[in-house]
There are 2 protein chains.
Amino acid sequence: MKIDPASPADLSAQIAKAIRDAIISGELIVDERLPSEAELSEQFGVSRSTVREALKRLAAQSLIRTQRGAFGGAFVNRLSYADAYGQQITTSTLLLSMNEVRFETACEARFALERACAPLSAERRSADHLATMRAEIFRQSQPGLTDEAFCASDVAFHRALVDGAGNPVLSYQLAGAVEAMQPLMNMITFSARSREQIVGLHTRIADAIHVRDGAAVCTGLCELERYTVGLARSIMEERARRGT
Amino acid sequence: MKIDPASPADLSAQIAKAIRDAIISGELIVDERLPSEAELSEQFGVSRSTVREALKRLAAQSLIRTQRGAFGGAFVNRLSYADAYGQQITTSTLLLSMNEVRFETACEARFALERACAPLSAERRSADHLATMRAEIFRQSQPGLTDEAFCASDVAFHRALVDGAGNPVLSYQLAGAVEAMQPLMNMITFSARSREQIVGLHTRIADAIHVRDGAAVCTGLCELERYTVGLARSIMEERARRGT
DNA sequence: TCAATTTTCATTGTCAGACATTTAAAAGTC
DNA sequence: GACTTTTAAATGTCTGACAATGAAAATTGA
C-alpha cells in the first residue's frame, strides 16, 4: 500500500484507494484489523486527520467498521447482503431522480429483470413467499389505503416474488431496480378503479406462482407493465392538460 | 438539516446523513453549492474537521464534488451512469468475494438477468452492437490469448449484448452482475477445447441477434450457462482431486 | 477602450497538538 | 474465585494554523 507523495492534494482519496485496493485484492481479509490511525499516518507520512478522512470514505462504502477503546480500531467489514442492498437502493434512486429517466425506461428495466426471476421463482418459491404475496394483495385491496402505503405494499409483493427464486445474488441485483422505482410510482395517484385492476393482475401473478407456471407469471408481469406504463402516461397527460 | 446534539459520537455520520437526506429529498438540487465548511461547522455546532469527515463520506458515494479556491466549495454532484456503474461493480465484486457465493448461484443470476435483455436487444440492437460482438468473438478465437484477456473479451461481448437493448437503466443494473463475475471466471483455466465451445456458443448467440430472434438468443444463453457451470464444476473437481 | 497581467481573498487541503470518551485487558480487593 | 478498580490504547472531537488553489477584482499597458 503506497501513495504518490508527488501530488500533495487529495491525499485522503489516494489513501482510501490504496486500502480499498488492498481489500479487493484480498491483501486485507475480512475482520482483519487495520493499523491504528497513528500507525497509518506514520506509514503514509501524513497527518492523522488525513488518515481519518480516508477511513471515513471507506466507512461510507461499508468496507470497514470502527470500534472505539483499547484493542479497538478499524476492521475490514464483511459486506453483507443488507449493506449491499442499501447502497444499491440509494444509488439507483439517485440515478433515476437525477438523470431525467423516462418512466417507461425505468419501468421496462424493472419488469424485464423481474421476468428473469419469474421461472425460477415459480419453480422454487416456498409457501411463505406465496403467503406474503397473498397478504400484500389483501392489503392492497383494503380501501382507505394511502397511495404511499399502496406503493410500499406493491414493492413488498414484488420483493416476495423475486426472493422466491431463492438466489440472494438475484435478489440483491433486483432490490435496486424494484425499490428505486418507488419514488416514481409514488407520484402516481391510484384511483379505486386502477387499484382494482392492479390487484387483479397481482392475483393472476400469484395464482400462476401458486401452480408453478413460470410462463404465466411472465405473461402476467407483461400485462402489469403495459397497464402501469399506460396508467402513468394518462396521468402525465392529464397533468399536462391541467397545467396549461 | 438538523442533527441530534445529545449523542456526541458519530457526529460526522449524522451530518453526512442529514445532507444525504437533503439531496435525496430534493431539498438540495444538482450543482447547488453547499455552505462552506466553516459555515457548516457553525450551523451544526461542530468543528470543521467533523464537517470535513462528513463531506468525505458523501464524496465517497459520488454525492458531492469539491472544488478549491475562492467561489469553490462542495457541490451536489449529478450521479452519472458511469459513477453508478463503478460503484455497483465494486459493491458486487466485494459481495461475491466476501460471502462464499457458489459459482452456480452467481452464474444463474447473471444469465437470468442477461436473458431478460435478450428479446429487447434482439429487437433494438444497432449494427454497431452486432459488430462489437463479432469483433470480440474474433478476438476470443485467436490462439495465444491469456485467460484474463479471454475473460475480458467475454465481458465485452456480453456488455454489447446488454447495451443493445438500448435501456441505460438496464445496462446499469447488469453491469454489476456481468463484471462482478469476472474474478470468478478468471479462476477458470480455459482449455483450447473449451474456448472453441464457448466461441461456438457466442457465434450462435450473435447469429440470433443478427436475425433479431430473441427466443434463439435466450436458448443460446441457456446453453452457455449450462456449459459454463459444467466447465467450472469439472475444473473444481479436478482441483479437489489433485489437492488430496 | 480593451486585452493582458497582477493582486486579492474566500475556500479547500493538510498539519500539529490537545483533550474527551470508550473499552477491554490487567491489576487489585474481598 | 468473583467482583471492583485501574490502566492504557484507541477512536472521536476540537482548536488553531498554514499552504495551495483559483476565480473575481483591480491594475496595467497598448
Side-chain angles (χ1 to χ4, degrees), chain A residues 1-20 22-23 28 31-77, chain B residues 1-20 22-23 28 31-77:
Chain A
M1 294 198 299
K2 293 260 173 66
I3 58 171
D4 177 16
S7 40
D10 289 325
L11 288 176
S12 74
Q14 286 182 54
I15 292 170
K17 183 176 188 316
I19 298 176
R20 188 183 303 115
I23 294 175
L28 291 169
D31 292 334
E32 184 171 341
R33 183 176 172 283
L34 276 77
S36 72
E37 294 173 356
E39 286 172 309
L40 284 172
S41 62
E42 254 195 80
Q43 280 184 30
F44 286 111
V46 300
S47 72
R48 200 184 139 210
S49 11
T50 303
V51 167
R52 280 184 62 79
E53 289 176 10
L55 293 180
K56 294 311 165 200
R57 288 177 192 262
L58 299 174
Q61 296 181 299
S62 306
L63 291 183
I64 61 169
R65 61 177 186 279
T66 54
Q67 201 178 349
R68 291 174 73 171
F71 297 79
F75 297 83
V76 177
N77 198 28
Chain B
M1 294 198 299
K2 292 259 173 68
I3 59 170
D4 178 17
S7 41
D10 288 324
L11 287 176
S12 74
Q14 286 181 52
I15 292 171
K17 183 177 188 320
I19 298 176
R20 188 183 303 116
I23 294 174
L28 292 169
D31 291 335
E32 184 172 340
R33 182 177 173 282
L34 279 93
S36 72
E37 294 174 356
E39 286 171 309
L40 284 172
S41 61
E42 254 196 81
Q43 280 184 28
F44 285 111
V46 300
S47 72
R48 202 185 138 210
S49 17
T50 303
V51 167
R52 280 184 62 79
E53 289 177 8
L55 293 179
K56 294 311 164 202
R57 288 177 192 263
L58 299 174
Q61 295 182 301
S62 306
L63 292 182
I64 61 169
R65 62 178 184 279
T66 54
Q67 201 177 351
R68 292 173 73 170
F71 297 80
F75 298 83
V76 177
N77 198 28

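Below, chain A is the first sequence line, B the second, and so on; all start at residue 1.
Atom CG of L34(A) and atom C1' of dA9(D) are 16 Å apart (whole Å). Here dG12(D) presents its P atom at 14 Å from CD1 of I15(B), a figure rounded to the nearest Å. Atom C1' of nucleotide dT7(D) and atom CZ of F71(A) are separated by 11 Å, given to the nearest angstrom. For L58(A) and dT11(D), the CG to P distance is 14 Å, given to the nearest whole Å. As a whole-Å value, the separation of R52(B) CZ from dT13(D) C1' is 15 Å. In this structure, E53(A) places its CD atom 14 Å from C1' of dA16(C), rounding to the nearest Å. Between the CZ atom of F75(B) and the P atom of dA23(D) there is a distance of 10 Å, rounded to whole Å. E37(B) places its CD atom 14 Å from the C1' atom of dT21(D), with the value rounded to the nearest Å.
For dT21(C), the base has a donor-acceptor partner in the side chain of R68(A) [N/O atoms by modelled type, under 3.5 angstrom]. The base of dG13(C) sits with one of its N or O atoms less than 3.5 Å from a complementary donor or acceptor on the side chain of R48(B).
Set against dT14(C), dA23(D), dT23(C), the side chain of L11(A) has dT14(C) as its closest nucleotide. Of the candidates dT11(D), dG22(D), dT23(C), dG22(D) carries the atom nearest the A70(B) side chain, counting heavy atoms from C-beta on.
Nearest-nucleotide mapping onto DNA chain C: of Q67(A) and S36(B), the residue sitting toward the 5' end is S36(B). Checking G72(B) against S49(A), the closest nucleotide of DNA chain C that is more toward the 5' end is the one next to G72(B).
Remark: the backbone N or O of D31(B) is not paired with any side-chain donor or acceptor of R65(B) at under 3.5 angstrom. For the pair N77(B) (side chain) and S62(B) (backbone), a donor-acceptor distance under 3.5 Å is present.
Put simply, T66(A) has no side-chain N or O that comes within less than 4.0 Å of OP1 or OP2 on dA10(D).
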Could you walk me through whether T66(B) and L55(B) pass side chain to side chain contact (heavy atoms under 4.5 Å, CB included), step by step?
-> CA-CA 9 Å; T66(B) 54; L55(B) 293 179; 5.6 Å; no

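Within the 4.5 Å cutoff, the side chain of L40(B) has no heavy atoms near those of the E37(B) side chain.
Within the 4.0 angstrom heavy-atom criterion, no nucleotide atom of any strand lies near R65(A). Using a 4.0 Å heavy-atom cutoff across all strands shown, T50(B) reaches sugar-phosphate atoms only and no base atom.
Between S12(A) and the choices R52(A), K17(A), R57(A), K56(A), the side-chain hydrogen bond (donor to acceptor under 3.5 Å, both in side chains) rule is met once, by R57(A).
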